[in-house]
Each structure stands twice: as C-alpha cells, then as structure tokens.
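For reference, the structure discussed in these notes is given below.
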Amino acid sequence: MLASCLLPPIRAFRLGRASMTTTDINVPVRRVATAAPTKLRVGALTALVIGSMVGSGVFSLPQNMAAGAGPLAILIGWAITAVGMLALVFVYQSLATRKPELDAGPYAYAKAGFGPFIGFNSAWGYWISAWVGNVSYAVIVFSALSYFFPAFGDGNTWQAVLGASILLWLIHVLVLAGIRQAAVVNLIVTAAKIAPIVLFVGVVVVAFKLQVWSLDFTGLGNASLGSITAQVKSTMLVTLWVFIGIEGASVFSGRAERRKDIATATVLGFFTCLALYALVSLLSLGILSQPELAVLKNPSMAGVLEAVVGPFGAILINLALVVSVVGAFLSWTLLAAEIPHVAAKDGTMPKFFGRESDRGVPATSLLITNLLVQAFLVITLFAQSTYQALFYIASAAILVPYIFSGAYAAKLALTGESYESGEQRTGPLLAGLVATVYGLWLVYAAGPAYLFMCAILYAPGIIFYVWARRETNQRVFHTAEAALAGILIAVAILAVYEMWTGAVSPL
C-alpha cells in the first residue's frame, strides 16, 4: 500500500465513495507540483484498487447482512453482486477508454448520453451519496467509541452528535487552512483497516462451527426474514455500499507501467475484496447464529471477534475502525465538497459552487456540504437514525449515476459511436446491459422507504438545475425532461406525506 503515497491528488469524481483512505490529498487543489510519476506494476496497482474499495462497511458486514437474511440468501446476494459490480467495472473501463474527454466523473457519461437534466441528477445523486455517507461515518465512529464511552450509544445520542459535530467543524477549519493529509497518516490508516480484517478472517476460520452455520441455512425458520427473494433483496444495498467506489479504480491507469495492467489489477482487486467481504459475512454465521448476529451493535465485527477471543477482539476492531474513519474524514470532507465544485465548472451546477478561497479550497461548496452533514447529524438525534439507515440512503442515492453509466456504455455499443468499423461490440454491450439491469434491480431491492427519502433529497435539486441553466442562457427543460421533473416533484410530495403520516420511515 506504500505505492498509494506516490500518487498525486485525485478529484472527487475520480475516486469512489467506498475508499476510506484517499491517496495523497493536497490543498490548494489548483497549485500542485509533483515529481515525475512512478510507474506501477500489476501488484502495486492491485493493492491500490483494494485500498480504494475497502472501507468502513466491512466492519459492520456481519450484522448488516444477517439482519435480513440467512446463509443461503447471503450467498445468492454476493453472487448477484459479483456479476453486477464486475459488469460496472467493465463499463467504467470501457468508457474511460472510449470517451477520455469525459473526465468529470460518472455524471459526465449520463449528461453525454441522455441530456443535461439526467446529467445534473447524476451529479446531484453522487453528491448526496457522498455527504450522507459522511454522516454515516460520523455515526459509526461514535458507535465504535461507545465501547469505551457508553454514553455515545449507537452513535446517535446527543453526546455522539455533539462529538461528531465538533469533529466535523474542526476538519472544516483544517481544510480551509490548506491542511494536507501526510503520507505517513495514509499508511497508518491503511494498515489499521486491512490488518484487522485479515486477522479476523484467520481467527474466525479456526473457530468456525459448521453446525452453527447450517442451523437455519435457508433462513426460512425465522418468519421475520420472509422468503428467499425477500432475504436476498435485504442484502443488496449492503453489498452495494461496500463496493461503492469501484468506478474510481480506473483513475490509476495513468500510473500503470502497461495500460492493460489496470484491467488485470481491477479484476484481481475486485475479486480479492469480494472474497474478503463474503468471508467476513459468511464465516461470522459459523460463530454466532443469524438471530444473534442481527442484534449486534455496529461495528459488528467487534462482537463476533469478542465471542471468539474475548474483550481484546472487540477493542481491536473498534480501535481499527476509529483510526480508519477519522484518518480519512479529512480527505472525504474535501472530496465531498469537490463534487458540486467540479460540476459547477462545466455549468452543470450553479456557478457559486465553483467559488474558491485564496488557497484554492472550494470554500462555498465545502460550507454547503458540511451544513448538510450537520443538519443530518441533528436529524439522527431526533429520528434515532442508525449507521445502517444512513448508508442505505447513500447507496440508493448513487444508483442514478450507476444506472445511466451502464446505459451509456450499452448505447455506444448499439450505435457504434467511438467504435472502429468491424470492432467487436458484444462484450461492451453485454456489460452495459448487465450493469443497467443490476442498477434497476437495486432500485427495486431498495424498497419504497429509501426511494422516497431519495426523492425528497433529489427534488430540491431541480431549483439548482434551473439556476444553472439560466446562468448559461440555455433552455431549461425539453418536454421529456419537464415530465421527469414533474414526476420527481410529485413523488417527493407523496414521500413527505407518507413520512409525515408514519406510513414509511427510512430513518
């Protein structure tokens, strides 16, 4: 992972959400001097891909998966995820090669393929996913600290919200001051999250009990879990959450000794992470039964390891998570702010998001982003929102850019745009279609509660879309776009009503 310290700054749209440790983040963004880049071989590239995907989600996988599914459904869930996310990997690799001029991130593909309103909503959804994800990180940090300080509860008590707010605004000040995350911090954070996961898998393999794992293999013995299909659906947003950021892997292509190595490294990194994630969730079911795992507090890896080795296991996992998340909070605060900042530069969002301080920090975007994080932290206090509810929202919000990226890849393959005469298009077409269908399946799996919450968060974006279009003297809506905007507003109003009456409650 030392190779990650050699990489230059990476803009938010080029690095995915799941990465808990970004590479060397420098501020000011605009004035960065770097030495000649070191060319990386396939081993170093694979390590970088793994480091960009493994995040906070893995520490809570045992409870998150077992909360709604038994072993069989979890196996099926990982299989579906393997196919869907691998298709998305191929989509972003193909688009990066065929459309190198579209380097502003996933929203650029949606905008190029399906018009400015879809492109805006892709950028807006990516931003929502980023800052809501930051809220979930703040909650999980203080949930982990509650092992040592019980007053923090599940990360949503007033003490936890106060602590998270102080941390948020301290980092805000540091970012405005132009603080740089040192390479040594990056290395410590990487080791803090990877080493305990490997240790966990090793210990749990030895302690694994087949009779516990097979006690209720189908989960049908627990009526509250529902059918196999219902159980599989319950795992989908969890598996999506731990792989968010897969689109950022192609960012390392410019550092590859051979460009074809990035494809090899991405696939190797993907399957390595898939194996780690699946082992963590499935092996845990051989230590504690599904009902026991379902009620563990997060980070639930701590509870599983504690059941095997005693309190030391819980202390290790909780400390590892705190170091990992806090060490990355600085970078992710800046990265979340960069999303609307970058979009403002090409007119997708209003110009005021593009304002920068004298140090090159996206000050306006940073302030708005952190005010939203603060607002949601307060909401977690009154709604008693958990880490799982928050990352469900973050996962659902990112589906728009994922779906339209897949659809754009399929569209290029169908029309032949960017393809040479006679060039084979079956593979890219299949990858695009699978990625699109996978995204739509996730929309279905998310269920009405989280889709309603996303509608409420998406609808205000229409105001900023209109603002941006008028700033550039462009037609605001075409007929189809106006219809989509009307539907979105109607669904948001319905969602507010349903939540007001208590019919649905995602938080």
Closest non-hydrogen contact found for Tyr109 with Ser405 is CD1-OG, 4.0 Å
Check against ring-ring contact (aromatic ring centres under 6.0 Å, His included), Tyr392 and Trp241: CA-CA 8 Å; Tyr392 272 6; Trp241 171 248; 9.6 Å; no
Here the gap from Asn156 atom CG to Leu381 atom CG, rounded to the nearest 0.5 Å, amounts to 8.0 Å
Are more than 12 heavy atoms, taken from residues, nucleotides or ligands other than Trp169, located less than 6.0 Å from that residue's CH2 atom? yes
task: Check the side chains of Lys111 and Ser122 for a donor-acceptor pair under 3.5 angstrom, ignoring hydrogens and angles.
output: no
### Side chains of Phe464 and Pro340 in contact at under 4.5 Å (non-hydrogen atoms)
no
With the side chain counted from C-beta on, respond yes when Ile197 and Val280 share a heavy-atom pair under 4.5 Å apart, and no when they do not.
yes
Can Trp78 and Ser281 be counted as having a side-chain donor-acceptor contact under 3.5 angstrom?
-> yes
Worksheet item: Side chains of Leu274 and Met85: does their closest heavy-atom pair fall under 4.5 Å?
Response: no
Check: Parallel, tilted or perpendicular for Tyr465 and Phe120, by the 30°/60° rule?
Finding: tilted
Relative to each other, are the rings of Trp127 and Phe353 parallel, tilted or perpendicular (30° and 60° limits)?
perpendicular
Exercise. Take the angle between the ring planes of Trp467 and Phe352 and call it parallel below 30°, perpendicular above 60°, tilted in between.
Key: tilted
Nearest heavy-atom approach of Tyr458 to Ala397 is OH-O, 2.7 Å
For this output row, return yes or no: ring centroids of Tyr438 and Trp441 closer than 6.0 angstrom.
no
To the nearest 0.5 Å, atom CG of Leu268 lies from atom OG1 of Thr272 at 6.0 Å
Item to complete: State, yes or no, whether a side-chain contact exists between Phe376 and Asn134 at a heavy-atom distance under 4.5 Å.
Response: no
Answer yes or no: is there a side-chain heavy-atom contact under 4.5 Å between Phe142 and Thr157? no
* **Side-chain donor-acceptor contact under 3.5 Å, Tyr107 with Asp346** => yes
Determine, for Lys345 against Glu338, whether the closest basic-nitrogen to carboxylate-oxygen distance falls under 4.0 angstrom.
-> no
- Would you call Tyr92 and Tyr402 a side-chain contact if the rule is heavy atoms closer than 4.5 Å? yes
- Query: Going by atom types alone, do Ser146 and Lys297 pair a side-chain donor with an acceptor below 3.5 Å?
  - Reply: yes
Is Ile140 close to Ser136 at the side-chain level, that is, under 4.5 Å between some pair of heavy atoms?
no
Practice problem: Step through the shown structure and confirm whether more than 12 heavy atoms of other residues, nucleotides or ligands are within 6.0 Å of CZ on Phe149. | Solution: no
>> Is there a side-chain contact between Ile80 and Thr239 in this structure, where contact means two heavy atoms from C-beta onward sitting under 4.5 Å apart?
In response: no
The reported gap from OG in Ser284 to CD in Gln63 (rounded to nearest 0.5 angstrom) is 11.0 Å
